[in-house]
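What you see below is based on every heavy atom in this structure, not just the backbone, and it leaves out hydrogens, waters and symmetry mates.
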Amino acid sequence: MENLFETYKMEVDEAEVAKQLAVIAEEAKSLQTVDVYKQCLSFVDYTTLNSTDTLERGREFADRVNRFPSQYPGVPNVAAICIYPSLVNAVRKTLKASGVNIAAVGAGFPSSQTYIDVKISECVMAVEHGADEIDIVISLGRFLDDDFQTTFDEVAQIKDALGDAHLKVILETGALTPTQIRIASLMSMEAGADFIKTSTGKMEPAATPEAALIMCQAIKDYYEKTGTKVGFKPAGGIATSQEAAYFYAIVKHVLGKEWLTPEWFRIGTSRLANKLLSDITGKEEKYF
């Protein structure tokens, strides 16, 4: 952590970000195709994060994903089901679909305003009950106080405790300036994040093209310095296939086709899957 500000340029040129996004927005128009929408569906973290979520709702999510390949042959399934830790065991027992992971939010999601021991315990318990991936929020209050070391240490401790489970670190970019987004991105990756993610979806603005571009550029810079690949996940507010294609275009433009797989690119959403499926089949779908 102590060398982070010496290793990377942190200041973000907002005019340059806007200039690049204008170019990418034009590129995205040519990517509004069925093939791209199929790819985007394969990137979806099919998500339910409501206080009213029941065990039965978790099982219904898993059943829906199980049935999907037989009902829509030739269309890829979602990448993961994203849920609260209390649903993990029920979903793990129900989920049979090949290649679909279970992602659990943890560490005091969505506010991250609890003790580090509690954060670690919650994340570890979710993995013990069957989660493949854990989505956490950085300690945003500490970060906004410029206490970067504590923020870094918490991510590093959670990653160390999780072992082989993938850690997706949420920056809550709607609360950050462009330069803060870059700092949080590089700090999280240096601490061991396997993915960096824009938002919880619990505050506005959620995922924005500006945040996505800054984060993808940070991933590229980190990869060029370390040789370590880190994934990217925009989440929150992505409601149309065209918007998904725009984020796809950002990843393609900055990171290249190598990142356009569920291993390195996810889209967090509770609404987008039906929109993508409708644009793939050419008729209104309400499957998800």
Asp194 and side chain to side chain donor-acceptor pair (under 3.5 Å): which partner among Lys168, His166, Lys159?
Lys159
Hey, is the main chain of Thr200 close enough, under 3.5 Å, to the side chain of Glu172 for a donor-acceptor pair?
yes
When rounded to the nearest 0.5 angstrom, what is the spacing between CG in Leu55 and CG in Leu87?
5.5 Å
Is there a side-chain contact between Leu176 and Leu140, using heavy atoms and a 4.5 Å cut-off?
yes
Report yes if the distance between the aromatic ring centroids of Phe288 and Phe68 is under 6.0 Å, otherwise no.
yes
Hydrophobic cluster identity match, Ile170 and Met215, side-chain contacts under 4.5 Å
no
Ignoring hydrogens and angles, tell me if any N or O in the side chain of Asn274 forms a donor-acceptor pair with the backbone of Tyr287 under 3.5 Å.
yes
Taking NZ in Lys202 as the centre, count heavy atoms belonging to other residues, nucleotides or ligands within less than 6.0 Å. Is the count above 12?
yes
Check whether any side-chain heavy atom of Phe195 sits under 4.5 Å from a side-chain heavy atom of Glu263, and report yes or no.
no
Where do Val65 and Tyr46 come nearest, in terms of heavy atoms and distance?
CG2-CD2, 3.8 Å
Taking atom types as modelled, find out whether Ser241 and Gln32 have a side-chain donor-acceptor pair closer than 3.5 angstrom.
no
Does Val137 offer a backbone N or O that forms a donor-acceptor pair with the side chain of Ser112 under 3.5 Å?
yes
I'd like to know if Lys233 and Glu133 make a salt bridge, using a cut-off of under 4.0 Å between side-chain N and carboxylate O.
no
Is Ile134 linked to Tyr84 within one hydrophobic cluster, defined over Ile, Leu, Val, Met, Phe, Trp and Tyr using a side-chain heavy-atom separation of less than 4.5 Å?
no
Test item: Ser188 side-chain N/O and Ala184 main-chain N/O as donor-acceptor pair under 3.5 Å:
yes
Are the side chains of Ser185 and Ile219 in touch, meaning some heavy atoms are under 4.5 Å apart?
no
Using side-chain heavy atoms (C-beta onward) and a distance below 4.5 Å, is Ile267 in contact with Leu272?
yes
For the side chain of Arg59 and the backbone of Lys93, is there at least one donor-acceptor N/O pair under 3.5 Å apart?
no
Would you call Glu60 and Arg57 a salt bridge, using N to O less than 4.0 angstrom?
no
Taking the six-membered ring where the residue is Trp, are the ring centres of Phe148 and Phe143 under 6.0 Å apart?
yes
Locate the shortest heavy-atom distance separating Val105 from Cys82; write the atom from each residue and the value.
CG1-SG, 4.1 Å
Are Met10 and Val230 linked, directly or through other ILVMFWY residues, by side chains that come within less than 4.5 angstrom of each other?
yes
For Glu154 and Ile136, what are the C-alpha separation, side-chain angles and deciding distance, and is it a side chain to side chain contact (heavy atoms under 4.5 Å, CB included)?
CA-CA 10 Å; Glu154 288 197 359; Ile136 70 166; over 6 Å; no
CZ of Phe232 to CD1 of Ile250, rounded to nearest 0.5 Å, is 7.0 Å
Go through the steps to decide whether Tyr37 and Leu41 satisfy the test side chain to side chain contact (heavy atoms under 4.5 Å, CB included), and finish with yes or no.
CA-CA 6 Å; Tyr37 295 158; Leu41 185 58; over 6 Å; no
Dump the intermediate steps for side chain to side chain contact (heavy atoms under 4.5 Å, CB included) on Leu186 and Phe5, then the final yes or no.
CA-CA 10 Å; Leu186 291 163; Phe5 288 84; over 6 Å; no
Greater than 12 external heavy atoms within 6.0 Å of Arg142's CZ
no
Side chains of Thr7 and Tyr222, heavy atoms from C-beta outward: is any pair under 4.5 Å?
no
Quick one: does any side-chain atom of Thr198 pair with a main-chain N or O of Ala235 as donor and acceptor, under 3.5 Å?
yes
Under 3.5 Å, is there a donor-acceptor pair between the side chain of Ser199 and the main chain of Gly201?
no
Would you check if Ile116 and Ile158 make a side-chain contact, meaning some heavy-atom pair closer than 4.5 Å?
yes
Mind checking the OG1-NZ spacing from Thr173 to Lys197? Nearest 0.5 Å is all I need.
11.0 Å
Is any side-chain heavy atom of Thr240 less than 4.5 Å from a side-chain heavy atom of Lys275?
no
d(Tyr72 OH, Leu277 CG) to nearest 0.5 Å is 4.5 Å
Of Glu210, Gln217, His253, which is the lone residue that meets side chain to side chain donor-acceptor pair (under 3.5 Å) with Gln20?
Gln217
Taking it one step at a time, do Val12 and Ile181 satisfy side chain to side chain contact (heavy atoms under 4.5 Å, CB included)?
CA-CA 9 Å; Val12 172; Ile181 292 170; over 6 Å; no
Distance-only, no hydrogens or angles: does the Ser270 side chain make a donor-acceptor pair with backbone N or O of Thr47 under 3.5 Å?
no
Do Val91 and Leu49 belong together in a cluster built from hydrophobic side chains that touch within less than 4.5 Å?
no
Where is the tightest heavy-atom contact between Glu27 and Ser30, given as atom of each residue plus distance?
O-OG, 2.8 Å
Are there over 12 heavy-atom neighbours, none belonging to Met125, within less than 6.0 Å of that residue's CE?
no
Going by atom types alone, do Thr114 and Lys119 pair a side-chain donor with an acceptor below 3.5 Å?
no
Closest non-hydrogen atom pair, Cys216 against Val251:
SG-CG2, 4.1 Å
As a test of understanding, state which of Tyr223, Phe265, Tyr248 forms a ring pair (Phe, Tyr, Trp, His ring centres under 6.0 Å) with Trp259.
Tyr223
Is there a path of hydrophobic side-chain contacts, each under 4.5 Å between heavy atoms of I, L, V, M, F, W or Y residues, that connects Val23 with Ile214?
no
Mind checking the CE-OG1 spacing from Met189 to Thr226? Nearest 0.5 Å is all I need.
8.0 Å
Check ion pair Lys229-Glu258 (N to O, under 4.0 angstrom):
yes
Taking the side chain as every heavy atom from C-beta outward, state whether Glu122 and Phe109 have any atom pair closer than 4.5 Å.
no
Quick one: closest heavy-atom pair of Phe152 and Met187, and the distance?
CD1-O, 3.6 Å
Please answer whether the main-chain N or O of Asn3 pairs with a side-chain N or O of Glu6 as donor and acceptor at a distance below 3.5 Å.
no
Between Gln149 and Asp153: side-chain donor-acceptor atoms closer than 3.5 Å:
yes
State, to 0.1 Å, how close Ala126 and Ala104 come at their nearest heavy-atom pair, and which atoms those are.
CB-CB, 4.1 Å
Leu213 CG to Thr208 OG1 distance, which is reported to the nearest 0.5 Å:
9.5 Å
Quick check: does any side chain N or O of Ser139 sit under 3.5 Å from a backbone N or O of Thr151, one acting as donor and the other as acceptor?
no
